[in-house]
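Convention: sequence-line order gives letters A, B, ...; per-chain numbering from 1.
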2 protein chains.
Amino acid sequence: MSALTGLSPYTLRYYEKIGLLTGIARNDQGYRDYTEQDAEWVRFLKVLREMDIPIHEMKRYSDLRSQGPSTVKERRAMLEAHRDRVARQMERLEENMGKVRDKIKLYKQMEKESEAGRTE
Amino acid sequence: MSALTGLSPYTLRYYEKIGLLTGIARNDQGYRDYTEQDAEWVRFLKVLREMDIPIHEMKRYSDLRSQGPSTVKERRAMLEAHRDRVARQMERLEENMGKVRDKIKLYKQMEKESEAGRTE
DNA sequence: TTACACTTTAGAGCGCGCTCTAAGGCAACC
DNA sequence: GGTTGCCTTAGAGCGCGCTCTAAAGTGTAA
């Protein structure tokens with residue numbers, strides 16, 4: 001499973017411990033027996049994590065999911081809220097990128113000038 | 001200063017403690033006396049932090065800056081490296097946004113269907 | 001048979017980036 | 001003089017998200 005999702009076994013067990021992963025089957029030896037659905041869910045959790053959703057929100061989302069289709073509306077609302085948050089974050093990043101690019105330009109200028117100085 | 005930069009006094013003192021802020025002047029009472037240059041530097045630190053540069057990299061950058069103009073090239077290289085990292089991160093975010101948007105669409109579909117079911 | 005590589009658990013530990021506490025000092029106002 | 005409100009310091013504490021340890025169990029291969 002770890003190989004399938006890119007999450008460490010530690011993380012997978014941790015997610016199960018805090019209730020993000022529920023109803024994971026076990027085989028005769030008591031080992032976890034992940035299904036393809038489990039894998040899909042884990043991959044979606046990973047998408048959310050990569051977008052920096054806090055764990056407690058993922059937990060909330062996960063709990064809603066466990067409660068069945070009646071929670072679809074709330075789940076959608078959560079995703080939309082997060083989508084908007086990420087969009088704003090990307091705008092800020094873009095803004096800061098601009099400042100960094102300005103600084104890079106400035107440095108290039110300084111490098112050029114110091115070289116000119118050396119050859120004078 | 002806190003008001004000027006949006007960082008808490010705690011954070012400002014912490015940054016000084018770890019060497020991100022150096023040479024801050026003091027008045028007669030031993031209180032910190034920030035200059036406009038200090039403020040500018042703090043604002044730039046804030047830009048970097050908002051782009052999630054780790055503190056130890058900011059420290060490295062800050063140390064280079066203290067060493068004077070001879071380090072401009074290396075500083076530029078650091079900024080360029082980070083610029084590229086952020087660009088890649090934004091791509092990943094965009095990708096994940098797509099997946100979230102798909103899920104939102106799916107949920108909308110489910111909501112519509114469940115409503116249709118109810119009115120039949 | 002014994003070693004190896006994996007699994008299980010509860011709970012401890014860690015790195016990060018702050019954030020706060022405690023104890024004390026100084027300036028201004030009532 | 002006392003209170004308020006800000007400043008100083010060293011060092012403790014915190015929330016997050018893992019990550020690892022220790023001790024035990026199981027199946028496979030030499």
Using the side-chain heavy atoms of B:Y31, tell me which of these nucleotides is nearest: C:dC18, C:dC26, D:dT9. C:dC26
Classify the angle between the aromatic ring planes of A:Y61 and A:F44 as parallel (below 30°), tilted (30 to 60°) or perpendicular (above 60°). tilted
Nearest of D:dT21, C:dG17, C:dT8 to any side-chain atom of B:Y14? C:dG17
Roughly, in whole Å, what's the span from CE in A:M1 to C1' in C:dC6? 17 Å
Residues B:E40, B:R65: salt bridge by 4.0 Å N-O rule: no
Specify the residues of residues 34-59 of chain B, ordered by number, for which at least one heavy atom lies under 4.0 angstrom from an atom of DNA chain D. none
With nearest nucleotides of DNA chain D determined for A:Y15 and A:Q29 from heavy-atom distances, which residue corresponds to the more 5′ nucleotide? A:Y15
Do A:M97 and A:R101 have side-chain heavy atoms sitting under 4.5 Å apart? yes
Among D:dC20, D:dG11, C:dT8, find the nucleotide with the atom closest to the side chain of A:R26. C:dT8
Considering every strand and a 4.0 Å limit on heavy-atom distances, what is the contact class for A:R13: base, sugar-phosphate, or nothing? base
Heavy-atom nearest pair, B:T71 first then B:L64, reads OG1-O, 2.7 Å
Side-chain ion pair, A:R85 and A:E57, N-O less than 4.0 Å: yes
